[in-house]
Trainee: 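Encoded as structure tokens, here's the structure I'll be asking about.
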2 protein chains.
Amino acid sequence: MGQSDRPTLADVAAAAGVSVSTASLAFSGAGPVAASTRDRVLAAAAELGYTGPNPIARSLRRGRSGVIAVVLGAELASAFSDPIHTGTLDGVARELGERGLGLLLVRSDHFGDVPTLVREGVMDAAIIAGLSDLADPVLDALRARGVPFVRVDAGPQDVAGVGIDDAAGIVGLVEHLRGLGHSRIAVLSLPLRHRDATGLVDPRSLGPIAFTPTANRWAGVRESGLVPVAAAEASSSVVEEGRAAARLLLERDDRPTAILAFSDLLAGGAVLAARELGLRVPQDVSVAGFDGLELPWLAPDRLTTAVQGLVEKGRLTARAAAALADGESSPLVRLPVVLRVGTTTGPAPA
Amino acid sequence: MGQSDRPTLADVAAAAGVSVSTASLAFSGAGPVAASTRDRVLAAAAELGYTGPNPIARSLRRGRSGVIAVVLGAELASAFSDPIHTGTLDGVARELGERGLGLLLVRSDHFGDVPTLVREGVMDAAIIAGLSDLADPVLDALRARGVPFVRVDAGPQDVAGVGIDDAAGIVGLVEHLRGLGHSRIAVLSLPLRHRDATGLVDPRSLGPIAFTPTANRWAGVRESGLVPVAAAEASSSVVEEGRAAARLLLERDDRPTAILAFSDLLAGGAVLAARELGLRVPQDVSVAGFDGLELPWLAPDRLTTAVQGLVEKGRLTARAAAALADGESSPLVRLPVVLRVGTTTGPAPA
DNA sequence: GTGAAAGCGCTAACAG
DNA sequence: CTGTTAGCGCTTTCAC
């Protein structure tokens, strides 16, 4: 069953009594071939069990592989378990699949070496998801190879790529909470830096922020003019850490009347924490999230959140990467987010 | 920044004043080269910005691509959102990454055409996840190409591949429930067939089962000697459908004292359904799942479940695929599952 | 230790 | 419409 003894185009051509180039045309359709000739070639191919041109040889000849790499920076140690990543990845996979482009999936541990595949893998372009630093060695390796790339969640430094309008989303949420009369609002932040632990932070002096979405969302907080009464950082965007961080916020003496969480998983954790502390949501405390996930386990509650189109973001990113692979340039796209009011936010308690 | 005008090994060889073959050896280390010569070659390479042999040309020459395809049968319309799939995929990605093998991710819609990538993508072997039918056109296409493949969750028909001991897991769960005094046990099944709707089913006449894990788990039910008092089928393994299906079971006149769900997501939904109906878990009704997921949102409860090693399953599958790519054969492996008793099962009510 | 030569399987000019 | 020719960039015998 090895791949070694498969027939080649030359075999097919010989069997059909035509030249290799004609046989090639019969398969690619990229040139005039008499119908009868083509049929003869295809018949010979079927006879020999030839299933089509060897894609590697084709790639070598064409100078293009038709493969886009997706590099997952697994600082979360869980790129696959974060619905934000998988949602985007789904969009990427759909778009590339429809275009007949291959998707080479590469895990990068970020704290380890540059993956072999980044240095030697076959790819025409790359999509970078979840790496925080423009000076990342992975990016350096790609630059050295001359492999163009786009970043998901493009930061302010980027001139190309796809991102969402984080800041506007946060501003919308803050306005929503203010409209409900909330003045004591706490922020439950996504991680600020690698390896940070879950804990309270001072919202007035955060220090440098390593992750673009986190930075963008804090920018939204500033833009909205909100001065949080308190802030906590979760070590990663998972329910457990959201619960732990929210607990720190809710056990303070000056308990906030609303928690603005930077992700829906964190917000979901905050709702659980509130319930555990005997607080009613939203009567005693309102909770808002970000991303627009469906969290069926929160039922009958539904999160108030800023909805981003994950699949769409993935598709656009894939399209950008395909453009780069074609030698075209692609613009910086910033997708809008839409406020979705659920049942977890309500009027501020008196 | 195109890939087109990159230096080749010939350029490097010329610059270093050696032959191409020597330059090749300097990079691959697969032959005797004087240290001084090698240094000269590497210096010339650095000078020219040559980052190493073109992987496509190397593949063509070697007749191997170093790429393993992972075909996701997306009958769930959600291969990425099911933690079972992503967990396995994570294991596959880790193992292949460590071996320097590429992972070509291919989505297959199952009801559409065979994806172009399955027919033309570059791969030495393939891993099939989530396709139900051995006669699937995707598998036919791979066979025609001579691409060897392994299936995740290998069925009884398979002679190779990796699976888990579903039946033993179910038997263990049934024994656990029986040990607690339960005699009225209902089954909350994974989908039996494509496009089935969520609803009650007759456990004594299920008809043909299209999905291997579902079939294997029902086999476990039979093996345990359990005659369920009722059964419901969920249209997919998600919390919502588990909730809906469990509701149907719990609203019956002869309410079961325990629900045995075929997946943790379904079980989680069942816990929610019970709570909504004012039933205490486990005092009024016990719920057991399967898979061993962590569901932090169920806190403070923890599911009683049969734990499978998802990452390990992925790693073994990848190892099997790598063996196939090397022309070796690989055995059928069936991984054990381990009963984990949580807080959602307890003594049967009097 | 190093070089020359052959060729992996295919496509794209270019002639005819 | 079809055939001839020339590589794509590399690895690998095989001589020297």
Side-chain angles (χ1 to χ4, degrees), chain A residues 2-42 44-45 48-67 120-124 145-146, chain B residues 2-42 44-45 48-67 120-124 145-146:
Chain A
Q3 321 236 99
S4 33
D5 44 0
R6 314 228 86 229
T8 72
L9 194 52
D11 298 327
V12 174
V18 298
S19 73
V20 225
S21 50
T22 302
S24 175
L25 294 182
F27 276 99
S28 67
V33 181
S36 62
T37 312
R38 191 185 52 240
D39 292 347
R40 205 142 34 86
V41 172
L42 296 180
L48 295 175
Y50 180 80
T51 52
N54 178 324
I56 299 177
R58 186 204 293 255
S59 293
L60 178 59
R61 181 58 236 234
R62 294 225 239 245
R64 293 271 298 281
S65 64
V67 171
E120 304 181 357
V122 172
M123 61 188 79
D124 294 337
R145 286 183 64 180
Chain B
Q3 321 238 102
S4 32
D5 44 0
R6 315 228 84 229
T8 72
L9 193 53
D11 298 327
V12 173
V18 299
S19 72
V20 226
S21 46
T22 301
S24 175
L25 293 182
F27 275 100
S28 68
V33 181
S36 63
T37 312
R38 193 186 48 241
D39 292 346
R40 206 141 36 86
V41 172
L42 296 181
L48 295 175
Y50 180 81
T51 52
N54 177 325
I56 299 178
R58 184 204 294 256
S59 294
L60 178 59
R61 178 60 234 237
R62 294 224 239 245
R64 293 271 299 280
S65 65
V67 171
E120 305 181 356
V122 173
M123 61 188 79
D124 295 337
R145 286 184 63 179

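Both backbone and side-chain heavy atoms feed into the values below; hydrogens, waters and symmetry mates do not. Sequence lines set the chain letters: A, B, ... in the order given, protein chains first and strands last, and positions in each chain run from 1.
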Trainee: Sugar-phosphate means primed atoms, P, OP1 and OP2; the rest is base. With that split, encode nucleotides 10-16 of chain C 5' to 3' as B, S or - using protein heavy atoms under 4.0 Å.
Mentor: BBB----

Trainee: Given pairs defined as Watson-Crick or G-U wobble with both distances under 3.5 Å, what dot-bracket annotation applies to DNA chain D, with ( ) intrastrand, [ ] crossing, | other strand and . unpaired?
Mentor: ||||||||||||||||

Trainee: Going by the rule side-chain hydrogen bond (donor to acceptor under 3.5 Å, both in side chains), which residues pair with A:Ser21 if we only count those two or more places apart in sequence or in a different chain?
Mentor: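 Result, side-chain hydrogen bond (donor to acceptor under 3.5 Å, both in side chains) vs A:Ser21: A:Ser19.
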
Trainee: Nearest 0.5 Å, what's the CZ-CZ distance between B:Arg145 and A:Arg6?
Mentor: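 These two atoms lie 8.5 Å from each other.
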
Trainee: Show me the pairs that pass salt bridge (charged side-chain N to carboxylate O under 4.0 Å, His left out) and involve residues 14-42 of chain A, at least two apart or across chains.
Mentor: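 Found none.
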
Trainee: Rounded to whole angstrom units, what separation is found between the CZ atom of B:Arg40 and the C1' atom of C:dT2?
Mentor: 11 Å

Trainee: D:dT12 C1' sits how many Å from B:Leu60 CG, rounded?
Mentor: 14 Å

Trainee: Not counting sequence neighbours, which residues clear side chain to side chain contact (heavy atoms under 4.5 Å, CB included) with B:Ala14? List them please.
Mentor: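 Not a single residue meets the side chain to side chain contact (heavy atoms under 4.5 Å, CB included) criterion with B:Ala14.
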
Trainee: Taking the side chain of A:Thr22 as its heavy atoms from C-beta onward, which of D:dC1, D:dG3, D:dC8 lies nearest to it?
Mentor: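 Closest nucleotide among those given: D:dG3.
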
Trainee: Applying side chain to side chain contact (heavy atoms under 4.5 Å, CB included), name anything that partners B:Ala34, two or more places apart in sequence or on another chain.
Mentor: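 B:Ala34 satisfies side chain to side chain contact (heavy atoms under 4.5 Å, CB included) with B:Ser36, B:Thr37 only.
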
Trainee: For A:Asp11 and C:dG9, what is the distance between atoms CG and P respectively, to the nearest whole Å?
Mentor: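 After rounding, the reported distance stands at 9 Å.
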
Trainee: Out of curiosity, B:Arg61 CZ to B:Ser24 OG, how far, rounded to the nearest 0.5 Å?
Mentor: 9.5 Å

Trainee: A:Ser65: which residues meet the side chain to side chain contact (heavy atoms under 4.5 Å, CB included) condition with it, sequence neighbours left out?
Mentor: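 Once residues adjacent in sequence are excluded, the partners of A:Ser65 under the side chain to side chain contact (heavy atoms under 4.5 Å, CB included) criterion are A:Ser59, A:Val67, A:Val122, A:Asp124, B:Ile56.
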
Trainee: Establish, with yes or no, whether the OP1 or OP2 oxygen of C:dC8 is under 4.0 angstrom from a side-chain nitrogen or oxygen of B:Ser59.
Mentor: no

Trainee: Do the side chains of A:Val41 and A:Val12 get nearer than 4.5 Å, heavy atoms only?
Mentor: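 With C-beta onward as the side chain, the pair touches.
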
